[in-house]
2 protein chains.
Amino acid sequence: MAAPKSKPLASRARNATASRSAILDHAIAEFAKQGIAGARTAAIADAAGVNKALLYYYFKNKESLYSAALREVFSGLVEDALPMLQSELSPGEKVLRFARVHFEYLVNHPDYPRLIHQELSRACITGEPSSDFRAISASHFVPLQRAGLKAVQDGIASGEFRKIEGASVLTNIVGMNVFYFVSAPIARIVRGIDPFSPVCIRDHVATALDFIGASLFNDRKHGIALARKIAAAPALPRKQPSSSKNSKVCSNKNVRFRS
Amino acid sequence: MAAPKSKPLASRARNATASRSAILDHAIAEFAKQGIAGARTAAIADAAGVNKALLYYYFKNKESLYSAALREVFSGLVEDALPMLQSELSPGEKVLRFARVHFEYLVNHPDYPRLIHQELSRACITGEPSSDFRAISASHFVPLQRAGLKAVQDGIASGEFRKIEGASVLTNIVGMNVFYFVSAPIARIVRGIDPFSPVCIRDHVATALDFIGASLFNDRKHGIALARKIAAAPALPRKQPSSSKNSKVCSNKNVRFRS
DNA sequence: CTAAACTAACTAACCAGTTAGTTAATTATG
DNA sequence: CATAATTAACTAACTGGTTAGTTAGTTTAG
């Protein structure tokens, strides 16, 4: 099926904010699918409903658009997860809630794991990640890793968790969640399910948290019960897509938009 | 660092098998990094040490080379894992051994998860995987999934395993293994480790199998002990890189090589 | 001598990015 | 308040370089 396209300029008023957002949203999707080398600026412009030259009005070049795309998708997870990891909740609740928050972030941002993967593949080309990715890692992944690792270590110290290698818990949780979505095409073929359907999503939350709770806690029954409780909590409200943020037409005079 | 290159033709005798293998090996690496759209046929030829036209002597076009690359990397996992899953081992041993065999396959084929990722990203473009990928899924993933699911269900039926959702166990195992490697650039930045180093690899085998064993078995102590035993078993011999298979120079007359 | 394996040079299409505008919205002026 | 001037947002057409793939051979092996 064709990717959703934005309303072309011909049928809507000029709006710099809306145009820039439309370009960025479609850039995220195109870069997530094709990587920066394979992505086509014409495809981004077409999907955004604007002329290709407008990409260069808002962004210096393809590379700058890509950097803006990375920053856009990575900014949300820390906001969603870090406050909870730094709260007064028990280590067990923190780790299980993180698993769920992270999973729901992926539900709401399906391009996120793909874009990360494209950037990680690109890291293999140069032997190291781009300076953009390094900066993003420093500002996003490092705080998450630190807070998450602290929660695991606190759990081990208090006896709530078994004595295990803390950092790998986080990697395993993230790996299970990311792979669930990334492997959606395989799941459709091999298992005949749609991993993005609400029922499958609810089931994954339940089974993933159960798997983690059963593995991690000294008191396995407590871990399983806590996992079930956190899995059953009401879903977080779905984040609004960024392109509908600025639905009210407004003047953009003297506002700096170019990246 | 520059990707390793094959010995150019000028300094070695003509050998269709060696040339074809060199092209395919470097194609795998290039497609894994850049995807089919971003990969450059000139880059593949340069790395293989041949002229670009030779790609078209052995493969119809870029798309055919890509299909051959997919078939090449996917053929090995089934060979490695399926006989063990269909053996008379206990369900617990089967599942834990699968986790290890799969992990070691990824150690020996670092391009495998990246190539799958590129193909899965590509599936998002068209809304469904390519017919090549469908065929590969049918011949590789479906048998693995069936055998693995049967092992899990046997374990549940016999009481060795807890009552859990079988298919997600396999997805979780594969997800933890794949993500471990795919996230290597992040791990280097955030954790200051090299996930490909022998000590980290040994540690991941141990912690991943422990995580699985602690979660899955009714008798947790037994599960953890079995996980430790299987993790500590000697490593499987490393598979020889395909480009060195045909080190003996031989005639290729009348052998059909073109894909 | 023949055929397979291989290459240098080439072609047409594609691509990121630019140019030279046009158009819509805003601001200044009488 | 109406109009002119200005500016920001936008586009059609273009450019020079890149790309997949081809052609017309040459070289090597049997």
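In what follows, chains are A, B, ... by sequence order, proteins preceding strands, each numbered from 1.
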- For A/Arg40 and D/dT18, give me the distance from atom CZ to atom C1', rounded to whole Å. 10 Å
- Message: Between B/Asn15 and C/dA5, is there a contact of a side-chain N or O with OP1 or OP2 at under 4.0 Å?
- Response: no
- Do any side-chain nitrogens or oxygens of B/Tyr57 fall under 4.0 Å of OP1 or OP2 in C/dC6? no
- Query: So which of A/His102, A/His109, A/His140 actually passes side-chain contact (heavy atoms from CB on, under 4.5 Å) with A/Leu77?
  - Reply: A/His102
- Task: Check the distance between D/dA9's P and A/Asn51's CG and give it to me in whole angstrom.
- Result: 15 Å
Enumerate all atom pairs, one protein N or O and one N or O from nucleotides 25-28 of chain D, separated by less than 3.5 Å.
unit_1 : atom_1 : unit_2  : atom_2 : d
D/dT27 : O2     : B/Arg14 : NH1    : 2.9
D/dT27 : O2     : B/Arg14 : NH2    : 2.9
D/dT28 : O4'    : B/Arg14 : NE     : 3.3
D/dT28 : O4'    : B/Arg14 : NH2    : 3.4

- Do B/Ser121 and B/His117 have a side chain donor and acceptor closer than 3.5 Å? no
- Message: Tell me if the centroids of the rings in B/Phe31 and B/Tyr66 come within less than 6.0 Å of each other.
- Response: yes
- Atom pair distance, as rounded to whole Å: CG in A/Leu54 and P in C/dT22: 18 Å
- Item | Minimum-distance nucleotide (side-chain atoms of A/Ala53 versus D/dG21, D/dT11, C/dG17) | D/dT11
- On a heavy-atom basis, the closest approach of B/Leu24 and B/Ala69 is CD1-N, 3.7 Å
- Item | B/Ser19 vs C/dA5: side-chain N/O to OP1/OP2 distance below 4.0 Å | no
- Check B/Tyr180 against B/Pro195 and note the closest heavy-atom contact, atom names and distance. OH-O, 2.9 Å
- Task: Compute the centroid of each ring, for B/Phe181 and then for B/Tyr112, and state whether the two points are separated by less than 6.0 Å.
- Result: no
- Message: Ignoring hydrogens and geometry beyond distance, is the side chain of A/Lys62 in donor-acceptor contact with the base of C/dG17 at under 3.5 Å?
- Response: no
- From C/dA16, C/dT7, D/dA20, nucleotide with atom closest to B/Thr41 side chain: D/dA20
- Task: Report the distance from atom CG of B/Leu55 to atom P of D/dT19, rounded to the nearest whole Å.
- Result: 14 Å
- Any A/Asn61 side-chain N or O less than 4.0 Å from OP1/OP2 of C/dA16: no
- For the side chain of B/Tyr58, counting heavy atoms from C-beta on, which of C/dT19, C/dA16, C/dA5 is nearest? C/dA5
- What is the distance, rounded to the nearest whole Å, between atom OH of B/Tyr66 and atom P of D/dA20? 15 Å
- Task: Among the candidates C/dA8, D/dA20, C/dT18, find the nucleotide nearest to the side-chain atoms of B/Tyr56.
- Result: D/dA20
- Query: Nearest-Å distance, NZ (B/Lys52) to P (C/dC10)?
  - Reply: 14 Å
- Establish, from distance only, whether the side-chain atoms of B/Arg14 and B/Ser19 form a donor-acceptor pair under 3.5 Å. no
- When rounded to whole Å, the CG to P distance for the pair B/Asp46 and C/dA8 reads 11 Å
- Which part of the nucleic acid does B/Ala39 contact within heavy-atom distance under 4.0 Å: base, sugar-phosphate only, or nothing? sugar-phosphate
